[in-house]
Amino acid sequence: MKFIADRMLGRLSRWLRIFGYDTLEIRKQEDEDNVLLDLAEKEDRILISRDVLLIRKAIRKRIRAYLVQSSEIMEQLRKMRLEFQLNLEPEMDRCTLCNSKIRKIESFEMDIIRMKEYVFLERLEKGAEFWMCDNCGQVYWKGAHWKNIMERVNIIKNKG
């Protein structure tokens, strides 16, 4: 299942990527609505938006679309989980920034990690696993934020 989101749903796009869903996000640009509609149609993506008029345009063009009604991210995910039967198990699969696939960094590549200012060296010493996006260079690991992600996911699952 693939999605495309308008610029109002950046946080939702990042969360969907955490769960491994291919989710394009369109930034502000000229003729934004038509760009969204064209990509949704060409790439067989589900358009997600908070813009009622855009959703109506999509439906008229027979493009699968979903109107996000809540402004709260966890409620957005809960409703989308119900609507699309989403699997909300976090994966180290997609870059949350650019949507590209990420890959596990091999031990011989650790110099890449040492060059990143935001990766603390004690992570390397503790033997943490790292993933990297070859497209934008972002590095990922299961740090303290991973526990927070899992807690939030469990809340969503328990609410049904």
Side-chain angles (χ1 to χ4, degrees), residues 1-105 116 118-119 129-160:
M1 189 171 322
K2 300 186 303 186
F3 298 98
I4 186 167
D6 65 24
R7 61 188 161 97
M8 293 185 281
L9 297 173
R11 288 186 66 212
L12 179 58
S13 296
R14 287 188 294 279
W15 273 94
L16 288 170
R17 292 175 192 142
I18 286 171
F19 300 123
Y21 293 99
D22 180 344
T23 307
L24 290 182
E25 180 184 351
I26 300 301
R27 306 279 185 207
K28 185 175 181 167
Q29 60 184 287
E30 204 172 304
D31 204 19
E32 187 174 321
D33 285 2
N34 287 325
V35 170
L36 284 161
L37 294 168
D38 288 346
L39 280 170
E41 188 173 38
K42 286 177 189 169
E43 297 183 10
D44 193 28
R45 292 180 179 274
I46 300 166
L47 174 66
I48 54 177
S49 177
R50 295 191 68 203
D51 182 338
V52 175
L53 295 176
L54 177 59
I55 295 297
R56 286 182 186 156
K57 285 180 193 176
I59 292 168
R60 278 196 300 271
K61 291 184 83 172
R62 298 198 180 343
I63 295 169
R64 195 167 173 197
Y66 178 75
L67 179 64
V68 176
Q69 296 181 11
S70 176
S71 60
E72 206 280 313
I73 186 66
M74 291 298 115
E75 183 64 11
Q76 292 171 353
L77 286 167
R78 189 184 75 75
K79 294 275 181 130
M80 283 192 69
R81 176 181 182 231
L82 295 173
E83 179 72 20
F84 298 107
Q85 291 78 48
L86 297 181
N87 177 11
L88 298 188
E89 291 298 325
E91 299 181 22
M92 293 303 235
D93 190 35
R94 292 210 163 266
C95 180
T96 59
L97 299 179
C98 75
N99 194 45
S100 297
K101 289 281 203 176
I102 60 175
R103 65 177 179 82
K104 190 172 179 179
I105 294 178
K116 302 290 182 179
Y118 55 87
V119 178
E129 292 181 307
F130 295 92
W131 290 261
M132 185 174 85
C133 175
D134 287 325
N135 185 52
C136 72
Q138 181 68 25
V139 173
Y140 297 90
W141 66 95
K142 292 181 181 179
H145 61 285
W146 195 258
K147 182 182 174 194
N148 185 25
I149 289 169
M150 295 306 296
E151 286 171 359
R152 294 180 87 176
V153 166
N154 287 331
I155 290 169
I156 295 169
K157 287 180 179 180
N158 290 332
K159 284 187 176 182

Exercise. Verify salt bridge (charged side-chain N to carboxylate O under 4.0 Å, His left out) between R11 and E25, making sure each step is shown before the conclusion.
Key: CA-CA 10 Å; R11 288 186 66 212; E25 180 184 351; over 6 Å; no

Practice problem: Would you mind listing every ring pair (Phe, Tyr, Trp, His ring centres under 6.0 Å) that reaches into residues 54-75, with sequence neighbours excluded? | Solution: Y66-F84

Practice problem: Could you tell me which non-hydrogen atom of V35 sits nearest to which non-hydrogen atom of E30, and how far apart they are? | Solution: CG2-O, 4.2 Å

Practice problem: Could you tell me the separation between the CD1 atom of I26 and the CG atom of L9, rounded to the nearest 0.5 Å? | Solution: 12.0 Å

Quiz item: CG/D6 to CG/D33 distance, rounded to the nearest 0.5 angstrom?
Solution: 8.0 Å

Quiz prompt | Partners passing side-chain contact (heavy atoms from CB on, under 4.5 Å) against E43 (at least two apart in sequence or in another chain) | solution = K2, L24, L39, R45

Quiz item: Distance from F3 atom CZ to M1 atom CE, nearest 0.5 Å?
Solution: 5.0 Å

Quiz item: What pair of heavy atoms forms the shortest contact from T96 to Y140, and how long is it?
Solution: N-OH, 2.9 Å

Quiz item: Is there side-chain contact between I156 and L88, with at least one heavy-atom pair below 4.5 Å?
Solution: yes

Quiz item: Stepwise, does the side-chain contact (heavy atoms from CB on, under 4.5 Å) test hold for C136 with S100?
Solution: CA-CA 8 Å; C136 72; S100 297; over 6 Å; no

Self-check item: R60: partners by side-chain contact (heavy atoms from CB on, under 4.5 Å), with sequence neighbours left out
Solution: R56, K57

Quiz item: Listed by chain and number, what are the salt bridge (Lys or Arg N to Asp or Glu O under 4.0 Å) partners of D44, not counting sequence neighbours?
Solution: none

Self-check item: Spatial distance of atom CD1 (I73) from atom CZ (R78) [nearest 0.5 Å]
Solution: 13.5 Å

Self-check item: For S70, all residues meeting side-chain hydrogen bond (donor to acceptor under 3.5 Å, both in side chains), sequence neighbours excluded
Solution: none

Quiz prompt | Whether N99 side chain and D22 backbone form a donor-acceptor pair below 3.5 Å | solution = no

Quiz item: Shortest non-hydrogen contact from I48 to M80?
Solution: CG2-CE, 3.8 Å

Quiz item: Is the backbone N or O of L86 less than 3.5 Å from a side-chain atom of Y21, with the two atoms forming a donor-acceptor pair by type?
Solution: no

Quiz item: Who pairs with D51 by salt bridge (Lys or Arg N to Asp or Glu O under 4.0 Å), at least two apart in sequence or on another chain?
Solution: none

Exercise. Heavy atoms only: give me the nearest I55-A65 pair and the separation to one decimal.
Key: CD1-CB, 3.8 Å

Quiz item: Side-chain contact, heavy-atom cut-off 4.5 Å: R7 with R27?
Solution: no

Quiz prompt | Minimum heavy-atom distance between L36 and A5, given as atom pair plus value | solution = CD2-O, 3.7 Å

Quiz prompt | CG-CG distance between L54 and L47, expressed to the nearest 0.5 angstrom | solution = 5.0 Å

Practice problem: Output the distance between atom SG (C98) and atom CZ (R17), rounded to the nearest 0.5 Å. | Solution: 7.5 Å

Exercise. Report the residues that fulfil side-chain hydrogen bond (donor to acceptor under 3.5 Å, both in side chains) with Q76, sequence neighbours left out, ordered by chain and then residue number.
Key: none

Self-check item: side-chain hydrogen bond (donor to acceptor under 3.5 Å, both in side chains) partners for E83, two or more places apart
Solution: none

Exercise. Verify salt bridge (charged side-chain N to carboxylate O under 4.0 Å, His left out) between K142 and E129, making sure each step is shown before the conclusion.
Key: CA-CA 7 Å; K142 292 181 181 179; E129 292 181 307; 5.6 Å; no

Quiz item: With sequence neighbours left out, what residues match D93 under side-chain contact (heavy atoms from CB on, under 4.5 Å)?
Solution: E91, K101

Donor-acceptor pairs are to be reported for all side-chain atoms of residues 143-154 against protein atoms at under 3.5 Å, with residues two or more places apart or in another chain.
unit_1, atom_1, unit_2, atom_2, d
H145, NE2, W141, O, 3.1
N154, ND2, M150, O, 3.3

Exercise. Assess whether side-chain contact (heavy atoms from CB on, under 4.5 Å) is satisfied between L77 and L12, documenting all intermediate values.
Key: CA-CA 7 Å; L77 286 167; L12 179 58; 3.6 Å; yes

Quiz prompt | By salt bridge (Lys or Arg N to Asp or Glu O under 4.0 Å) - contacts of R103 (at least two apart) | solution = E109, D134

Quiz item: Listed by chain and number, what are the side-chain contact (heavy atoms from CB on, under 4.5 Å) partners of K61, not counting sequence neighbours?
Solution: L37, D38, E41, I63

